[in-house]
Each structure stands twice: as structure tokens, then as C-alpha cells.
Peer 1: 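If you scroll down you'll find the structure; I have some questions about it.
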There are 2 protein chains.
Amino acid sequence: MGAATTRAHIVEAADQLFYRQGYEHTSFAAIAEAVHISRGNFYYHFKSKDDILGAVIAARLESRQRMLKQWEAEEADPAGRIRRFVEIVVTNRVDIQNYGCPVGTLTTELAKLGHPALGAAGGLFTLFRSWLREQFTQLGHREQADALAMHVLTFSQGVATLAHAFYDEDFIHREVQRMHDWLGAYSAGTEGAAPVVPEDCAQADA
Amino acid sequence: MGAATTRAHIVEAADQLFYRQGYEHTSFAAIAEAVHISRGNFYYHFKSKDDILGAVIAARLESRQRMLKQWEAEEADPAGRIRRFVEIVVTNRVDIQNYGCPVGTLTTELAKLGHPALGAAGGLFTLFRSWLREQFTQLGHREQADALAMHVLTFSQGVATLAHAFYDEDFIHREVQRMHDWLGAYSAGTEGAAPVVPEDCAQADA
DNA sequence: GAGATATTAGGACAGTCGTCCTATGTGGTG
DNA sequence: CACCACATAGGACGACTGTCCTAATATCTC
């Protein structure tokens, strides 16, 4: 098996485990077992556990960036793009109810650990924030664009946290509906333009 | 020093440390150092680390319950009580920006650890949820009371997570203002303006 | 096929963890 | 003062952690 392949397998397994069990709680042995390689062999591909975390964060960043690019390609209307973002919590409702938001929970954990990779993980939030800001700007709300972007992020983080805590799917749908109604006030003129969310958009967050 | 006093000191120190560093990341040695007692002496007061966690959760529950009771005593208007709840993120903005929400972060961590005390920690969420539901019911929104309570919780969790991630105080104030505006539609009678607004007219703010 | 390189396996290492045991010290009661 | 339950200290324990080292194996080049 090529080194690049093994490395990718490690990152993939670590990504899942960090998400489901947390970074600190995930041991080298656990990742090794998931990838079916020996513990000692890790250090041929990564020089430390923090190094794996860095690779995982980079992979998540790239993945989300790709997702956003695709949305831009598929959806001409900025309001439709924002709606897609809001729908993430529906698309990934199962994972979210089970494990929370991969961005929010990782950032919170790294902050508590005082981990140096906190800044890199925060880049995921910044990525979404900037992208949402751009969409609101295109909608003509240049002045409030950043505040509106933060409000949408607030929504998604709040929903993810509580859907996780209460394992409540109906709650997700209610809050998403509320958010769509709220967004209506900011996407005037494009009413009825874009229908909501194709089924295969997924691979999104959480 | 009395046993009860020492026990209280342990719980207090553990509470702080669990909040700031997380439960798993906080070692016995760290708590011992904070309380200035020896490691081995812990097991005279608690039979395990989980036992300390249980005491911390119980203490937090009692503390929050006391807080809510006091609000009920000081504030006759249910709308005012809800506003007090919303203001938590302002009152505790320093801690929230530094460490996030004590309820949300603990619940998330325990879920990832698969810790048996997850249910007990979830009781904190349930406490707030029930209390908020009661206030909305008293405001005459019996039907939607629970959904409205969950919406307020969503707000507070989202704000706490992002204020923590971005360390942004202005953001907190903006979201709180938005929330107060939204609440205005549901607190008829106290605020002057006020016809009842259907659930999906949440775009109160702009 | 031989040799060099890339990749893997498995154990040794020091450190830390939660837990437990036992001896020491304390304070109040007869 | 002697006594005894309460409270504390400090170290020993096995298990686990991330890290590192070295030998064995696979893969590719000539």
C-alpha cells in the first residue's frame, strides 16, 4: 500500500474518531486499530499526535471549501446559497444528534486543552463566516453582512448543540423553518426563485 | 477543618477546573493542588473521580435552581424573567468568551466520552427548558411554550459557542439586542406594542 | 534475481492517570 | 491523660498514554 494511501486512511479514521470521541479521548491505539496498522508505524507518516490533528483540520478545511465552491456553482442566488447552509443541520441531522457539530465541538475542546491548533481549527469558523458574509453582501446588505453571517452561525451552533443534547429531530426542523422565515426578510426580490435543497448536496458538515 | 468544608472546597475547585479545562483533562493532581490537600485524601470524601463529577453537577443544578427562584421572586413579569435569562450571556460574558457555556460544553464533552453522568448533566438543560417553558406559558403562549423555550436556549448556546470561538463582545451585545427585539413580539402588555405573532414571524429584528 | 529504498511491525521507554493502602496526625470525649 | 473516631498525607499499584528505536518486510530499480 502506498504511503500516501496509508496517510489518507489515517487522516480519515482520525477525523471520524476525533469527531465522535473527541481529540484527547482518542488514543493512538484506537486510530491504529481503525486503520489496521501498528502503533509504532504512525511515526513514519506523522511526527506526533498534534501533527495528525493538523492534517485532520487541513482536510476538513479543504472539504468544506470544496463544498462551498460547489454550492456557488450550483446555486446562482446568494439567498439560495445561504438556505443551503442553513439546511446543513437537516442534511446531517443524524450525525449532529449523535455527535454535535464537528466544527464547534472541536474548537471548544481545543480551547479547553489550551491546544496550539486552536487557531487552525478556528479557521473553519472563519471560512463559513467569510463565505456567509459574501453572500449577504451580494444580497445588498453590505453594511450588516458580517453581523448577519454571525447570526446564521449562531443559529447553526445553537441548533447543533441542543439537537445533540436532546436528540430531537423535530426541534431541528422547527428552528430551520424559523430561520428560513427570518431569511425571507433579507432575500426580498428573489422570492420563489430557488427551491429548497436538492437531495444529493450532502457530504456537508457534521 | 471539618469534612463538610473540605468536601465543599473540592467541589468548588473541581467545578472551576472542569469548566475551564474540561473534565477529562482535569487530573486529580490538579484539583488536589488547587485545594491544597494530598491526592490520596480524596478518597475519604469521594469514592471516585466520577463521584466528584456527580457532586459538581448536583452543585450546579442547585445553584441554577436557586438563581431561577430568585428571578421569580424579584421579577413578577414572565417577560422580564425571560429577558433576565437572555442577559446571562452579557452578565457572564467574560467567562463565556474565555471558556464557553458551562452547561453546553460539559454536556458535549460527556457525550463524547460516553460518560454515564451525561444524563445528569442534561438535567441542567432540562431545568432551563422547563423554566423558560413555564414563563412562556404564563405569557399566554401555552401551545408554543416549549418550542419558544428551545429557541431561547438555541440562542444562548449559539451565542456562547461563537463568543468563545471569536472572543467577540460586540457580537454578544448585537445578538442579545436581536433577541430582545424578537421577544417583544411575545411579551404583549409589558412592552406597549404587541399583538400575538405567529410562530414563523420570527424576523422581528432587522 | 540482487540491491537499495520505502514501508511496516512490535516492543521498550518514561511519564501520567485513577485508584488503593497504610501510617500519621488531629480534635473532642470519658 | 488515655482513648477513639475523624481527617489527612504520601507512597505503591497496574493500566494506559504518546513517543521512539530497531528489526523485519514489502516494493521498486537496475
Side-chain angles (χ1 to χ4, degrees), chain A residues 1-58 106 109-110 112-118 120-121, chain B residues 1-58 106 109-110 112-118 120-121:
Chain A
M1 184 174 357
T5 308
T6 301
R7 196 189 142 98
H9 284 169
I10 293 175
V11 172
E12 188 180 358
D15 192 341
Q16 281 290 317
L17 287 169
F18 291 169
Y19 177 34
R20 301 188 180 184
Q21 315 190 0
Y23 171 70
E24 189 178 30
H25 190 59
T26 299
S27 68
F28 260 59
I31 306 177
E33 190 181 12
V35 191
H36 296 105
I37 66 172
S38 78
R39 245 168 337 175
N41 186 24
F42 269 104
Y43 289 79
Y44 179 78
H45 302 277
F46 300 93
K47 68 174 185 289
S48 71
K49 191 183 177 186
D50 292 1
D51 202 25
I52 298 183
L53 176 61
V56 166
I57 292 175
L106 179 64
E109 182 184 0
L110 295 183
K112 300 227 180 218
L113 300 184
H115 197 284
L118 173 61
Chain B
M1 187 178 343
T5 308
T6 301
R7 196 189 142 99
H9 284 170
I10 293 176
V11 171
E12 189 180 357
D15 192 340
Q16 282 290 318
L17 287 169
F18 290 170
Y19 177 35
R20 301 187 180 185
Q21 316 187 357
Y23 171 69
E24 188 177 30
H25 191 58
T26 300
S27 69
F28 260 61
I31 306 176
E33 189 181 11
V35 191
H36 297 105
I37 65 171
S38 78
R39 246 166 334 174
N41 187 23
F42 268 103
Y43 289 79
Y44 179 79
H45 302 276
F46 300 93
K47 69 173 186 289
S48 71
K49 191 183 178 187
D50 292 1
D51 202 25
I52 297 182
L53 176 61
V56 167
I57 292 176
L106 180 64
E109 181 184 1
L110 295 183
K112 302 228 179 214
L113 300 184
H115 197 284
L118 173 61

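Here is how names work: the chains are called A, B, and so on, in the same order as the sequence lines, proteins then strands, and each is numbered from 1.
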Peer 1: Rounded to the Å, how far apart are Leu53(B) CG and dG18(C) C1'?
Peer 2: 14 Å
Peer 1: For dA7(D), does OP1 or OP2 lie under 4.0 Å from any side-chain N or O of Tyr44(B)?
Peer 2: yes
Peer 1: Give a yes/no on whether any side-chain N or O of Thr6(A) is located under 4.0 angstrom from OP1 or OP2 of dT8(C).
Peer 2: yes
Peer 1: Supply the atom-to-atom distance Ile10(A) CD1 to Thr5(A) OG1, rounded to the nearest 0.5 angstrom.
Peer 2: 11.0 Å
Peer 1: Is His36(B) near enough to dT8(D) that one of its side-chain N or O atoms lies under 4.0 angstrom from OP1 or OP2?
Peer 2: no
Peer 1: In whole Å, I'd like the distance from the CD1 atom of Ile10(A) to the P atom of dT7(C).
Peer 2: 12 Å
Peer 1: Round to a whole Å and report the spacing from CD1 of Ile37(B) to C1' of dG25(C).
Peer 2: 16 Å
Peer 1: What donor-acceptor contacts under 3.5 angstrom involve side-chain atoms of residues 31-44 of chain A, with partners at least two apart or in another chain?
Peer 2:
unit_1: Ser38(A); atom_1: OG; unit_2: Asn41(A); atom_2: N; d: 3.4

Peer 1: Would you give a per-nucleotide map of nucleotides 11-24 of chain D, 5' to 3', where B means the base has a protein non-hydrogen atom under 4.0 Å away, S means only the sugar-phosphate does, and - means neither?
Peer 2: B-----SSBBB---
Peer 1: To the nearest angstrom, how far is Glu33(B) atom CD from dG10(D) atom P?
Peer 2: 14 Å
Peer 1: How close do Glu109(B) and Glu24(B) get, heavy atom to heavy atom, and via which atoms?
Peer 2: OE2-N, 2.9 Å
Peer 1: Under the criterion side chain to side chain contact (heavy atoms under 4.5 Å, CB included), I'd like the reasoning laid out for Val56(B) against Tyr19(B): C-alpha separation, chi angles, the key distance, then a yes or no.
Peer 2: CA-CA 10 Å; Val56(B) 167; Tyr19(B) 177 35; over 6 Å; no
Peer 1: In whole Å, I'd like the distance from the NE2 atom of His115(B) to the P atom of dG18(C).
Peer 2: 11 Å
Peer 1: Could you give the distance from OG1 (Thr26(A)) to CD (Gln21(A)), rounded to the nearest 0.5 Å?
Peer 2: 4.5 Å
